[in-house]
There are 2 protein chains.
Amino acid sequence: MADKRTPSADPRRAPNIEDVARLAGVSTATVSRSLNSSGRVREATRKIVETAARELGYTPNFGGQALASNRTNTVGAIIPTMENAIFARAIQALQETLAEHKVTLLVATSQYRPDREEAQIRTLLARGVDGVVLIGNRRAPSAYALLNARGIPFVLLWSAPANSPFVTIGFDNFGAAHDLTTRILEKGHRRIGMISGLTADNDRAFDRVQGVSQALADHGLSLSPHDLVECRYSLKAGENAAMQLLGATQRPTAIICGNDVLAAGALRAARASGLTVPDDMSVIGFDDIELATAVFPPLATVRVPHRRMGVAAGEHLLRWMVQGERPPSLTLPTEFVERASLGVAK
Amino acid sequence: MADKRTPSADPRRAPNIEDVARLAGVSTATVSRSLNSSGRVREATRKIVETAARELGYTPNFGGQALASNRTNTVGAIIPTMENAIFARAIQALQETLAEHKVTLLVATSQYRPDREEAQIRTLLARGVDGVVLIGNRRAPSAYALLNARGIPFVLLWSAPANSPFVTIGFDNFGAAHDLTTRILEKGHRRIGMISGLTADNDRAFDRVQGVSQALADHGLSLSPHDLVECRYSLKAGENAAMQLLGATQRPTAIICGNDVLAAGALRAARASGLTVPDDMSVIGFDDIELATAVFPPLATVRVPHRRMGVAAGEHLLRWMVQGERPPSLTLPTEFVERASLGVAK
DNA sequence: ATGAAAGCGCTAACAC
DNA sequence: GTGTTAGCGCTTTCAT
């Protein structure tokens, strides 16, 4: 460990703003202004400073900058898991958008657990992030309180509640589920099962179940408790859930899944049961990740605007952070993608 | 934006160490020592300080802490992409390991581009990370120079070169590929094709090709240029590449793929060509991600110790950062996973 | 347009 | 075991 009390002796010591100022023959204030393009600096001066900085290989010290400016140029995002491609892609888009403005993204995961999410919010705040991105809109008031106490800009992704007091950027989970269910009903299906992610701490999953339920109700049908199985978002869990549904006396002719991973599991269950999709049974996913077309038959699913959500989250947050004005919420459209896993009911 | 020049007036101003010290009736040094459990502080005093800190909702200011201690308790990792589940999982394990020691992980992506990776290294260094994790061992000397100039601990994941001057934590890509190829040969296959990721900037992909090539040579065979197709790691690219191989006058009876995603693409190509796997052709993947068992038939593949690499990376880095001693390299085993996509040659 | 200088919040050396 | 205090590197106000 380098001894930081050895000013100019340590060759490993990173050059600081004073070194640059000295070499350029200006004050540290001018160096700061030049490099941050913040103030009025004569072009010639700026050039000299820039040259000096480059020559020394100067990089502003993050701590010093953060301390003095009270900004970190960092945004934190907390997603349920990195292992779901849909979040990975949204995060990627968010990161790219922020990077264009020299803002770094800090990614944390909650594993779908509210307590972990709140802990992660604390961690991010402790690190002085200038903005936060969260998934979903339903969480403990204490979580929102943390954010509000610091007055930090934050946006909620993946849902579009009607009258949220917060800035949301997402889509209508209820509506999308309602729509896809209606299309399934149009194919003549009447016995419909559903495999959902755990709805307790997941408003998106909850809303999707509600959407399916309502669409069925609109047609005089209902989603009874044994037509609905909740499980973790994993292939194996989806397979087990589907097995359970298929074991019923009246097995469903169509299974709606909370996401594509569960649907892939359902496909596997169908195969294991000797059922052909879509002839014997239809399977419908949600998300439209690459997996949806990797399996056979390819999954009918709902295309979620993951990339656009990521980009919009970045843009809205940046606007809020820089200009100080709270941006409006945004609702993006989804699209039902019809593929071979959905057939007409026999 | 709050005016930071208004000391005690702004109610939004976060409590600082001095506030805590005042409330606890001790000095700031004692507060620091208490909270960092670094020094000898009487237990009773520590209790008082802790209570005061909690009451005020005190969180150490990141910038101040970083500036004074010259540490950020942050580790940066640069992976090719978050969209490959194998990296996502390793990162998850790394994050968990680091979190146990209150170290935050900063994740960046390079999209398999060396220039981007170097830019990301710069970004991470500018943010004062205390350690760095990179994927692979082959990169421009300038990239290593950046790390060495700062004397920052860093480990290289995913490969296990024989005499690396750096700390590597990975597995033998060449050996794993050699092994799987030998097993395929044992099944009687003689016309073998390969779909690889782009080898130019990817030592793992390169080593795997070499391993396959060598195993074939060991049996008097060779991997001719038109038996090998390089492409991006995507399902569609894998499908196209497989189509190309299948279009040859002597189509291969087995296609070895650089990863499971490519293999899933090859399966799709086989189906599109009216070929049955494994009866008409075998397909072998690499990684053993969930996708490998989501497709049909399930993929024979190589299980990569992603989780163990992530954990080991965290442990080694922590040891290096804290104790200052450079840890040894580590080579982990892989395991060939036989599944239905590999059959005997006809 | 530029410089001087006052902090930002914290840690760690040193004194007691 | 605890207090005093000198910085860490930077931004920003206030002069000029």
Side-chain angles (χ1 to χ4, degrees), chain A residues 1-10 12-22 24-49 53 56 58-73 125-128, chain B residues 1-10 12-22 24-49 52-53 56 58-73 125-128 130:
Chain A
M1 239 26 23
D3 178 10
K4 65 164 185 144
R5 305 290 176 206
T6 318
S8 55
D10 189 350
R12 202 101 113 185
R13 169 184 151 281
N16 62 22
I17 200 170
E18 211 173 324
D19 298 326
V20 179
R22 202 176 306 119
V26 298
S27 71
T28 61
T30 299
V31 174
S32 175
R33 282 190 281 253
S34 298
L35 268 33
N36 294 315
S37 59
S38 58
R40 48 281 135 192
V41 183
R42 208 190 317 160
E43 183 55 23
T45 313
R46 215 183 49 70
K47 270 277 181 353
I48 295 172
V49 170
L56 261 42
Y58 169 74
T59 317
N61 176 286
F62 182 71
Q65 212 161 13
L67 190 52
S69 68
N70 205 26
R71 275 181 298 98
T72 56
N73 287 316
L125 291 179
R127 297 191 54 99
Chain B
M1 235 41 6
D3 177 12
K4 65 166 184 139
R5 303 292 175 206
T6 318
S8 55
D10 189 351
R12 200 102 111 185
R13 167 184 153 280
N16 62 21
I17 199 170
E18 211 174 323
D19 298 327
V20 179
R22 203 177 307 120
V26 299
S27 72
T28 61
T30 298
V31 174
S32 176
R33 281 190 283 253
S34 300
L35 268 32
N36 294 315
S37 60
S38 58
R40 48 282 136 191
V41 182
R42 206 190 317 161
E43 183 55 23
T45 314
R46 213 184 51 68
K47 270 278 183 347
I48 294 172
V49 170
L56 260 42
Y58 169 73
T59 317
N61 176 286
F62 182 72
Q65 212 162 11
L67 191 53
S69 68
N70 205 27
R71 276 181 297 97
T72 56
N73 288 316
L125 291 178
R127 297 191 56 99
D130 300 329

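Convention: sequence-line order gives letters A, B, ...; per-chain numbering from 1.
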Using whole Å, what does the distance between atom [atom2] of nucleotide [N] and atom [atom1] of [X] come to?
X: A:Lys47; N: C:dT2; atom1: NZ; atom2: P; result: 14 Å
X: A:Arg127; N: C:dG9; atom1: CZ; atom2: C1'; result: 16 Å
X: B:Glu18; N: C:dC8; atom1: CD; atom2: P; result: 9 Å
X: A:Gln65; N: C:dG9; atom1: CD; atom2: C1'; result: 16 Å

For B:Gly63 versus A:Ala66, what's the shortest heavy-atom pair and its separation?
CA-CB, 4.1 Å
Check: [Y] and [X] side chains under 4.5 Å, non-hydrogen atoms:
X: B:Thr45; Y: B:Val26; answer: yes
X: B:Leu125; Y: A:Thr59; answer: no
X: A:Thr30; Y: A:Ser27; answer: yes

If you check every side-chain atom of A:Leu67, which of D:dT12, D:dG9, C:dT11 has the closest atom?
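Output: D:dG9.
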side-chain N/O [X] vs [N] OP1/OP2, d < 4.0 Å:
X: A:Asn70; N: D:dT11; answer: no
X: A:Asn36; N: D:dT11; answer: yes
X: B:Asn16; N: C:dG9; answer: yes

Roughly how bent is the helix from C:dA1-D:dT16 to C:dC16-D:dG1 end to end, in steps of 10 degrees, with each end axis from five pairs?
30°
Residue of the set B:Ile17, B:Asn73, B:Thr72, B:Asn36 for which side-chain contact (heavy atoms from CB on, under 4.5 Å) holds with B:Gln65:
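Of all the options given, the one that passes is B:Asn36.
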B:Asp19: what forms a salt bridge (charged side-chain N to carboxylate O under 4.0 Å, His left out) with it, not counting sequence neighbours?
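B:Asp19 satisfies salt bridge (charged side-chain N to carboxylate O under 4.0 Å, His left out) with B:Arg13, B:Arg22 once adjacent residues are dropped.
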Sub-3.5 Å pairs of nitrogen or oxygen atoms, protein against nucleotides 2-5 of chain D:
residue : atom : partner : partner atom : Å
D:dT2   : OP1  : B:Arg42 : NE           : 3.4
D:dT2   : OP1  : B:Arg42 : NH2          : 3.2
D:dT2   : OP1  : B:Thr45 : OG1          : 2.4
D:dT2   : OP2  : B:Arg42 : N            : 2.7
D:dT2   : OP2  : B:Thr45 : OG1          : 3.3
D:dG3   : OP2  : B:Ser27 : N            : 2.9
D:dG3   : OP2  : B:Ser27 : OG           : 3.1
D:dG3   : OP2  : B:Thr30 : OG1          : 2.5
D:dG3   : N7   : B:Arg33 : NH2          : 2.8
D:dG3   : O6   : B:Arg33 : NH1          : 3.2

To the nearest 0.5 angstrom, please state how far the [atom1] atom of [X] sits from the [atom2] atom of [Y].
X: B:Asn61; Y: A:Arg127; atom1: CG; atom2: CZ; result: 11.5 Å
X: B:Phe62; Y: A:Leu67; atom1: CZ; atom2: CG; result: 11.5 Å
X: A:Arg33; Y: A:Thr28; atom1: CZ; atom2: OG1; result: 8.5 Å

